[in-house]
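A quick write-up on the structure given underneath.
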Amino acid sequence: MAPGPLRIAPAAQTILDFQGDALILPLTEEHTSLRPGSAKKLALSRVEGADAALQKAITHAIQRKAFSGKLSERYLLHPAGRLGVGQLLLLGLGKASELTQDRIRQATAEALRHLQALKSRRVAIAVDDTDWAGLAVEPVAQAIAEGALLGLYRFNAYMGKAREDSTREIESLALLSMDRESAQRLKSAIGRGTVLGRATNLARDLINEPADVLTPAELARRAQAVARQHGLAVEVLDRGAMRRLGMGALLGVAQGSANFPRLIILRHRGGDRRAKPALALVGKGVTFDAGGISIKASEGMETMKGDMAGAAAVLGAMTGIAALRLPVHVVGVIPAVENLPSGSAQRPGDIVRAMDGTTIEVINTDAEGRLILSDALCYTHRLGARRLVDVATLTGGVVVALGSVRTGFFSNDRALAQQVQEAGEATGEKLWELPLDDEYEELIKSDCADLKNTGGGKKAPAIGAARFLKHFVGDTPWVHLDINGTWLQEKAQGYQPKGATGVMVRTLIHLASSLAYEE
Ligand code: BES
Ligand code: ZN
Ligand code: ZN
């Protein structure tokens, strides 16, 4: 039987009276560096209570240097009838002065994965009894909820036999807090963290889904289903509608595949219903990128089912924005196509015409992301959005520049760039701005059309792509996020399991939220 969703809720209990399978006790390095016997040692009364109940097992672990509180360090004790749980997990939070929400997400995720492997089902984490180094209880609770949902995520929809081993999931996570007022505050913070975690996991599911299932039409159906669940308005344009709009660049990419393209438009009308959208999100939705006639090498090509990670980020973010009922008007636009070689595929040398009349010489059919985004950006620009943010697995160049640590971003507007940067910092999704100087325009000048889709060889390919997109946003404040290095993790780390990360979902929700409450 498939496990139910993880339940996360506050509980008015102390660590001495919680009954369940496991209890997590987070401690900073400062807690453990104090000399045993000193007055400050394990000064928090309820930790002392647990320590006493365990005949000083916590103090002994610290004295023996078996546990020092380093970030994500874990030490397991077996209370054997002395507490209401079978397992007590000491969890390191690192140095108090360096404690952040992101470190809490990370440590929570690693602790829960550890307990999951031990088959724990009902788990609690001490909140009141922990010294969170000055962080307020709301951001702590939110980070715990995010860390739990993100860290325990698994994509096992297609696991047959192997799945049986993984069906024992953690069922519940209680955040222990005795103070009734703070329990109420915990509740709404857990709610926010849950929305962010679920929205990201929705994106991860879509990205991990294979391309034979997740065609452009299926992506549109899934968008319609989640829109219905979340009260988003949704519209889907088919090939005929896109032809009428003159989306020649998008249709040129799509023409090689028997899976026809779609343009998906989602709308959350919060705030003033008549106002123009304060924000438009555009996500690259290439459900599979074989490269087209400029075909890719076969090694690693299976990862190209994830070339719609930008689209998934937009869809995930829209569900989160709706679930939080943000008082702001946001649209999400997803061009969904498949890029395959075939007898009907577009050729290098073809010249296509985008919706705004710009002609584009197609040098390399594998640089298809910018082609579909050009039409999607024209379309979105016409909706009159006041700000544009696009998300795309666009270039190998950004991976050369930033590896898989930071998402590269580009902008034509200082204020929006700053807001996106801040949203990334708040969510722990690291960003780095790259330049867009006019001199780079050389890279995309064509001899026979207004633009060409690649050029310059190894020279600044991520910047060339961004300059290309810039042509389609006019003067609207715009940010382009190139997530090609960050959408996929090769091995599990912190709250990021192996596979699709769902990167930028939380940043985009945070951005929408900051716009909602600033205006
Ligand atoms: N979806 C790819 C991005 C990509 C590149 C993924 C390399 C994995 C590895 C994108 O559509 C693409 O193919 N970009 C090419 C463009 C090049 C042909 C100008 C790239 O960046 O290598
Ligand atoms: Zn490509
Ligand atoms: Zn691509």
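Counting starts at 1 for both ligands and their atoms, in listed order.
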Report task. Please check if any side-chain donor atom of Thr100 sits under 3.5 Å from a side-chain acceptor atom of Asp102, or the reverse. Result -> no
Report task. Please test Glu442 against Lys445 for salt bridge (charged side-chain N to carboxylate O under 4.0 Å, His left out), starting from the C-alpha separation and ending with a verdict. Result -> CA-CA 5 Å; Glu442 280 304 317; Lys445 273 197 179 138; 3.4 Å; yes
**Report entry** Side chains of Arg325 and His268, donor plus acceptor under 3.5 Å
**Finding:** no
Requested in this report: Check each atom of ligand 1 against the heavy atoms of Lys284 and keep those under 4.0 Å away; list them by number with element.
Outcome: 1 (N), 10 (C), 11 (O)
Requested in this report: Identify, by name, the N, O or S atom of Asp307 lying closest to the Zn ion (ligand 3).
Outcome: OD2
Requested in this report: Would you please say whether a donor-acceptor pair under 3.5 Å links the side chains of Thr393 and Asp307?
Outcome: yes
**Report entry** Shortest reach to atom 22 (O) of ligand 1 by a heavy atom, considering only Gly396, Gly485, Gly464, Ala367
**Finding:** Gly396
Report task. May I ask you to check whether Lys284 brings an N, O or S atom to under 2.8 Å from the Zn ion (ligand 3)? Result -> yes
**Report entry** No-hydrogen, no-angle side-chain donor-acceptor test under 3.5 Å, Glu441 and His471
**Finding:** yes
Query - Asp289 near the Zn ion (ligand 2) via N/O/S, less than 2.8 Å - result: yes
Query - Where ligand 1 meets Lys296 - atom numbers and elements under 4.0 angstrom, heavy-atom basis - result: 2 (C), 12 (C), 13 (O)
Query raised in the report: Considering only the protein, which heavy-atom contact is closest to atom 19 (C) of ligand 1, and what is its distance?
Result: Thr454 CG2, 3.1 Å
Query - At the Zn ion (ligand 2): angle between Asp366 atom OD1 and Glu368 atom OE1, to 10 degrees - result: 120°
Query raised in the report: In ligand 1, which numbered atoms sit nearer than 4.0 Å to a non-hydrogen atom of Glu368?
Result: 11 (O)
Query - Options Thr303, Asn453, Thr393, Asp366, ranked by nearest heavy atom to atom 12 (C) of ligand 1, top entry - result: Asp366
Report task. Could you name the option among Asn364, Val253, Asp307 that has the heavy atom nearest to atom 18 (C) of ligand 1? Result -> Asn364
Requested in this report: Compute the shortest N/O to N/O distance between Asn484 and ligand 1 and return yes if it is under 3.5 Å, no if not.
Outcome: no
**Report entry** Residue pairs fulfilling side-chain hydrogen bond (donor to acceptor under 3.5 Å, both in side chains) with at least one residue in residues 341-351, sequence neighbours excluded
**Finding:** Ser342-Ser344, Arg347-Asp350
Requested in this report: Establish, from distance only, whether the side-chain atoms of Thr215 and Thr287 form a donor-acceptor pair under 3.5 Å.
Outcome: no
Report task. Please verify whether a non-hydrogen atom of Leu394 lies at under 4.0 Å from ligand 1. Result -> yes
Query raised in the report: Any side-chain donor paired with an acceptor under 3.5 Å for Asn201 and Arg204?
Result: yes
Query - Nitrogen or oxygen atoms of Asp289 and ligand 1 under 3.5 Å apart - result: yes
Query - Atoms of ligand 1, numbered as shown, that sit under 4.0 Å from any heavy atom of Thr395 - result: 21 (O)
Query raised in the report: Going by distance alone, is a donor N or O of one side chain under 3.5 Å from an acceptor N or O of the other, for Ser294 and Asn364?
Result: yes
Requested in this report: Quick one: look up the protein heavy atom nearest atom 8 (C) of ligand 1 and list residue, atom name and how far away it is.
Outcome: Met304 CE, 3.3 Å
Query raised in the report: Roughly how far apart are Leu434 CG and Phe410 CZ, rounded to 0.5 Å?
Result: 4.5 Å
